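Both backbone and side-chain heavy atoms feed into the values below; hydrogens, waters and symmetry mates do not. All values derive from a computational prediction rather than experimental measurement.
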Amino acid sequence: MSGLPRASDLGLVGCHVCGMVCRDVEAPDAACPRCGSSLHKRKTASYSRTWALLIAAFIFYIPANVLPIMRTVSVGDVDDNTILSGIIELWVKGSPDLAVIVFTASIVVPVLKFFALSLLLISAQRGSRWAQRQRSKLYRLVEFIGYWSMLDVFVVALLTALVQFGFFSQVEPLPGVVYFGLTVVITMLASMTFDPRLIWDGRDFDD
Amino acid sequence: MTDDKKPITDDLPEPVVRRPRVNASIVWLVPIIAALVGLSLVIHAWIEAGPTVSISFLSAEGLDPGKTVVKYKNVTIGRVTAVRLSEDRSRVIAKVALEKSAQGFATADTRFWVVRPRIGLGGVSGIDTLLSGAFIGADVGESSEPKSEFTGLENPPPVTHGAPGKTFDLHSDDLGSLDIGSPVYYRRIQVGRVSTYHLDKDGKGVTLQIFVDAPNDQFVTTSSRFWNASGVDVSLGADGLKVNTQSLATVLAGGVAFQDPPGPHDATPAQEDAAYRLFNDRATAMAPPDGEPKYIRMRFEQSLRGLAVDAPVEFLGVPFGRVVSINLDFDEKTQTFPTIVGAVVYPARLGKAHDKLVALARERGDDEQMSQMMGRLVEHGLRAQARTGNLLTGQLYIAMDFLPKAPKVAFDGTAKPLEIPTAPGDLDKIQQQIADIVGKLQKVPFDSIGKNLDQSLGELNRTLKQVNGNVLPEVTNTLKGAQQTLGTANSAFAPDAPLQQNLGGSLQELQRAARSLRVLTDYLGDHPDALLRGRRADDKLQPAPPPPAAPTQGSKP
């Protein structure tokens, strides 16, 4: 053991909420004497929770892509669009820039999140010391871009509220958007339950 | 290391130990629920998925994979998933995923057809159909034998399966604005619709099939008349402007109306598939039967501008037939171009008159043929005239009238077709008269009149110049002289002129003299004796003393 000591080495544990540093009593149900929130050296069951949420998010991502998310009715012409068909339509109908944005927000970002979180989980569980700094950067990125995937949900919600001209033009949300929203929310939860300190737990104080 | 640790830990607070919280593994409920939801979706989709059938059509027009739906009674029961060419490329095959509830449609006697967009009666829904494209209509039969490959009908089936009602055939010259689904009206209430139509085999007409729903099919009787109630019928003919419409929906979508003719008629409900003629309008449909048409010909010597095919032919004002042809002929003898007008007439339209004429002809032993009858009528002055029916448009019609003054003509009763002698129309006479007047006017020597008038005016001009130059100065001089004379006269008569004063003096003298004379006469009146005796004393000569003189007068006698 070299370098700076860690809290666990010193027998200390910090409260996540109020930041109070307490003695580590090694009890599973210790709580902060000041604010009452539970104390733990690492987020409780971070691996299993993150895995569970990630798998749930992945399951929801399938209907989110298969089911149509939005129905547009324009002058009697009913059009149900899934995420992908919407992107294709945007591309074909001459808005490739919009298509790229939607593609990034609703396909690239969620898929990236699945990969990134899985990567972080696997590498941390194996105590890998590979590219720890980059992995923690990746984690911050995942945390940060998490909610941007809600873009689709917002677009559908906005269009539904704004475009209500009866027969001439109408936008209705379809079940797909619910699953998509669930996917986004659950991946955000998953990234929240992941404890980034786990990345560093396998380190050897030599860097 | 422990040295570093100890001083810190000693001051640090002890965490509170509480009851154990829920197990962390409960979070695995989330993916389980997610899996259940996903599974339920899959199961739902699997349960909902009905049979997939393929329907072949001649053309894929209007069929859009993923969009075109299959409808039964306007309820969506499936969707076209793919359209591809058949192996021999003669047809297209549409794959249709039916819903689970529509499983019964994948049976042997189900019929499918493409409903092309058209404006229907439902207004918005009609436009909706027009814009959202065609859909596949379905009609299920009674069979339960499963089948997955169908041949789509090119036209909707005449009647949806099991609908109560009757089908009738209508024959017409053309389709007009009718279409499959166009309504059939009875007293302006929709009671049925056009189910199908097709060209007659000889191509000379159209046969429409209509379906009238029960119980209204009983109103179609053996004597019912059908007419085309579609569109706006605007006709501007010799008999004026006519606009006929049904309801606005009919104007858009077209329609057929039927009704029994007025008067006594056979009211037995018609049999299924009875055939009727579809008339163009209500008036024609309701008109009494025309009987056998006869073709006649007329030869007009004048221009027939304004006479059109279909112009009416009237017999004493009764619509009698219509013009069917107008041709120009050339007469070598007279080097003129007479117009040959052909017309179809319906003698039966004359009603009683026709019956009587026929009866009379029979009595006389004549042939009851029209030629014989016409021969007699022509003898009595029957002539055809082209008359103006509408002054606004100049439309002509053919009028058959008795003209007693008409010159006799030879009538060939055996000619085929029958040729009716003609007489120039009223307007032609007027034209002739106007031409005469114009001819006379042309004979007036406007040139020489003009020339003479011009000379006379020149003379006048010269005379006037002379008057101006010579006579007028003289006149001026004379007037000046006159003025001088008048001035002299004026001064002579002025109040201070000697003449005036002398005259005043003389008049005064004369006045005095007159007074003296009056005195004398008065005196003589009172004293006539003075003439003999001379004048008396002076005091008696006072005739006008003031009133006190009266007693003296009274005491005088």
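For A:Leu54, no part sits under 4.5 Å from any heavy atom of chain B, backbone or side chain. In this structure, the portion of A:Tyr179 lying under 4.5 Å from any heavy atom of chain B is its side chain and not its backbone. The part of B:Val37 that comes within reach of chain A is its side chain, from C-beta onward, which places non-hydrogen atoms under 4.5 angstrom from that chain.
Between the side chain of A:Ser85 and the main chain of A:Asn81, no donor-acceptor pair closer than 3.5 Å is present. With B:Thr68 contributing its side chain and B:Pro65 its backbone, the two residues share no donor-acceptor pair below 3.5 Å.
B:Ser56 and B:Arg91 are linked by a side-chain donor-acceptor pair at a separation below 3.5 angstrom, with hydrogens and angles left out of the test.
Side-chain rings of A:Tyr61 and A:Phe114 approach one another, their centers coming within less than 6.0 Å.
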